[in-house]
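Everything on this sheet refers to the single structure shown next.
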Amino acid sequence: MSPTPQERRAARHQLGTDAGAGAARRGPSGGRKKPITVEAIIGTAFGIVETEGHEALTMRRLATALETGPSSLYAHVVNKEDLDELLIGRLCAEIELPDPDPADWREQIIDVCTQLRDQYLRYPGISRAAFAAAPSNLDTLRVSEGMLAILLAGGIAPQVAAWAIDSLMLYVNAYSLEVSLVNRRLSRGDDNWVVSRDELLRRFAALPDTFPHTKRYAAELTAGTTHDRFDFTLGLMIDGLPGGRRDQ
């Protein structure tokens, strides 16, 4: 008897992603089609997200791209949440984790977060899949394990380190999602809602005097790129951690 999707999922959590062999299929014209496997599902799902955004990824849309029915997918993945977990895990597998160094722990944790951000930005909106997801995929857990090791090497207390990882992941996810949403809207030409910096400065200057700080510091409020803000915020979050080694 073939394993159930739930059994396949449990196996992936213990042994890593199981590509699974799929039976050969024939298309409507009689030509051979690629078999349905976990690898085929993941690759096709990434293609949909890359071109159409994560919001377009549904089990029905994926089945159509694979020239099959949704029921064929459920033989390999439990549901959409299981698919999302596979996708996030695959991106996490690309993250390079350093050997924890007490002297460079800040730079190391920032680098891991930056790598994760860059992975998410490759696929518009995919960081949405990481929200409220329990870290059970081995590749995802590998990243959190690596981050924990870095923070512990930096002298951060275990409980503080655990909560810091949650906060850092949440920020990376939210940042990546916002950037993806903006880029998707711009790519559609739906940029009427997007206000340029010059226009923002003009609007701030026209504000009534009940907004004295916004008017006075309009240049600072609108300065920097999104990546500048990302680096700055990460630095604030990490420097604010209590107990870290600061004498290196």
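Throughout, residue positions are numbered sequentially from 1 according to the sequence presented.
- Asp84 CG to Phe131 CZ: the interatomic distance, rounded to the nearest 0.5 Å, is 12.5 Å.
- Within the structure, salt bridge (Lys or Arg N to Asp or Glu O under 4.0 Å) contacts touching residues 215-234 (residues at least two apart or in different chains) are Asp209-Lys215.
- For Thr226, the side-chain hydrogen bond (donor to acceptor under 3.5 Å, both in side chains) test picks out Tyr175, with sequence neighbours left out.
- With Ser127 contributing its side chain and Asn173 its backbone, the two residues share a donor-acceptor pair below 3.5 Å.
- Residues that satisfy the salt bridge (Lys or Arg N to Asp or Glu O under 4.0 Å) test with Arg61, not counting sequence neighbours, are Glu52.
- A continuous path of hydrophobic side-chain contacts links Leu181 to Leu170 [ILVMFWY only; heavy atoms under 4.5 Å].
- Side-chain rings of Tyr217 and Phe204 stay apart, their centers remaining 6.0 Å or farther from each other.
- Through side-chain heavy atoms spaced under 4.5 Å, either directly or across other Ile, Leu, Val, Met, Phe, Trp or Tyr residues, Phe232 is tied to Leu236.
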Test log, rule side-chain contact (heavy atoms from CB on, under 4.5 Å), inputs Val143 and Met147: CA-CA 6 Å; Val143 173; Met147 295 176 70; 4.0 Å; yes
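- At a threshold of 4.5 Å between non-hydrogen side-chain atoms, the residues Leu73 and Leu62 count as touching.
- For Ile150 against Pro98, the heavy-atom pair with the smallest separation is CD1-CG, 3.8 Å.
- The distance from atom CG of Asp139 to atom OG of Ser144, rounded to the nearest 0.5 Å, is 11.0 Å.
- A cation-pi arrangement is absent between Arg90 and Phe46, since the terminal nitrogen or guanidinium carbon is not both under 6.0 Å from the aromatic centre and inside a 45° cone about the axis.
- Taking the side-chain contact (heavy atoms from CB on, under 4.5 Å) definition, one finds that Ala164 meets it with Leu151, Leu241, sequence neighbours left out.
- Side-chain atoms of Gln119 and Ser176, non-hydrogen and from C-beta on, never get closer than 4.5 Å to each other.
- Shortest non-hydrogen contact noted between Leu97 and Val112 is CD2-CG2, 4.0 Å.
- The CG atom of Leu116 sits 11.0 Å away from atom CG of Asp111, with the distance rounded to the nearest 0.5 Å.
- The number of heavy-atom neighbours closer than 6.0 Å to CD of Glu178, taken from other residues, nucleotides and ligands shown, is 12 or below.
- The side-chain contact (heavy atoms from CB on, under 4.5 Å) check on Pro208 picks up Thr210, Phe211, with sequence neighbours excluded.
- Among residues two or more places apart in sequence or in another chain, the salt bridge (Lys or Arg N to Asp or Glu O under 4.0 Å) test is passed with Glu145 by none.
- With sequence neighbours left out, Glu96 forms a side-chain contact (heavy atoms from CB on, under 4.5 Å) with Gln115.
- Listed by chain and number, the hydrophobic cluster partners of Leu201 come to none, as no ILVMFWY side chain reaches under 4.5 Å of it.
- At distances below 3.5 Å, not a single donor-acceptor pair connects side-chain atoms of Arg128 with backbone N or O atoms of Glu55.
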Evaluation steps, side-chain contact (heavy atoms from CB on, under 4.5 Å), between Tyr123 and Leu91: CA-CA 10 Å; Tyr123 300 98; Leu91 295 182; 3.6 Å; yes
side-chain contact (heavy atoms from CB on, under 4.5 Å) assessment of Met169 paired with Ile165: CA-CA 6 Å; Met169 289 289 201; Ile165 292 170; 4.2 Å; yes
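- Electrostatic pairing of Asp198 and Arg202 does not count as a salt bridge here, judged by no charged N lying under 4.0 Å from a carboxylate O.
- Shown here are the side-chain hydrogen bond (donor to acceptor under 3.5 Å, both in side chains) partners of Thr222, two or more places apart in sequence or in another chain: Arg197.
- Side chain of Arg106 to backbone of Ile238: no donor-acceptor contact under 3.5 angstrom is found.
- In this structure, Glu50 has no side-chain hydrogen bond (donor to acceptor under 3.5 Å, both in side chains) partners at least two apart in sequence or on a different chain.
- Within the 4.5 Å cutoff, the side chain of Leu152 has no heavy atoms near those of the Pro100 side chain.
- Of the inter-residue distances, the one linking Glu67 atom CD with Ser72 atom OG reads 12.0 Å to the nearest 0.5 angstrom.
- Closest of all the heavy-atom pairs between Tyr120 and Ala130 is OH-CB, 3.7 Å.
- Here CE of Met237 is found 10.5 Å from CD1 of Ile109. Values are rounded to the nearest 0.5 Å.
- Counting heavy atoms from C-beta outward, Val77 and Met59 have side chains that approach closer than 4.5 Å.
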side-chain contact (heavy atoms from CB on, under 4.5 Å) between Trp105 and Ile156, intermediate numbers included: CA-CA 10 Å; Trp105 69 274; Ile156 304 298; 3.9 Å; yes
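- A donor-acceptor distance shorter than 3.5 angstrom exists from the side chain of Gln108 to the backbone of Asp99, with no hydrogens or angles considered.
- The shortest distance between side-chain heavy atoms of Leu138 and Arg142 does not fall below 4.5 Å.
- Using a 4.5 Å cut-off on side-chain heavy atoms (C-beta onward), Ile41 and Leu86 make no contact.
- Closest non-hydrogen pair, His227 versus Leu121, comes out as CE1-CD1, 4.1 Å.
- Residues that satisfy the side-chain hydrogen bond (donor to acceptor under 3.5 Å, both in side chains) test with Asp118, not counting sequence neighbours, are absent from this structure.
- Atom-to-atom distance recorded for Thr233:OG1 and Leu168:CG is 11.0 Å, nearest 0.5 angstrom.
- Of all the heavy atoms in Asn137 and Gly89, the pair that sits closest is OD1-CA, 3.6 Å.
- The minimum heavy-atom distance between Pro70 and Ala63, with the atom names listed, is N-CB, 3.6 Å.
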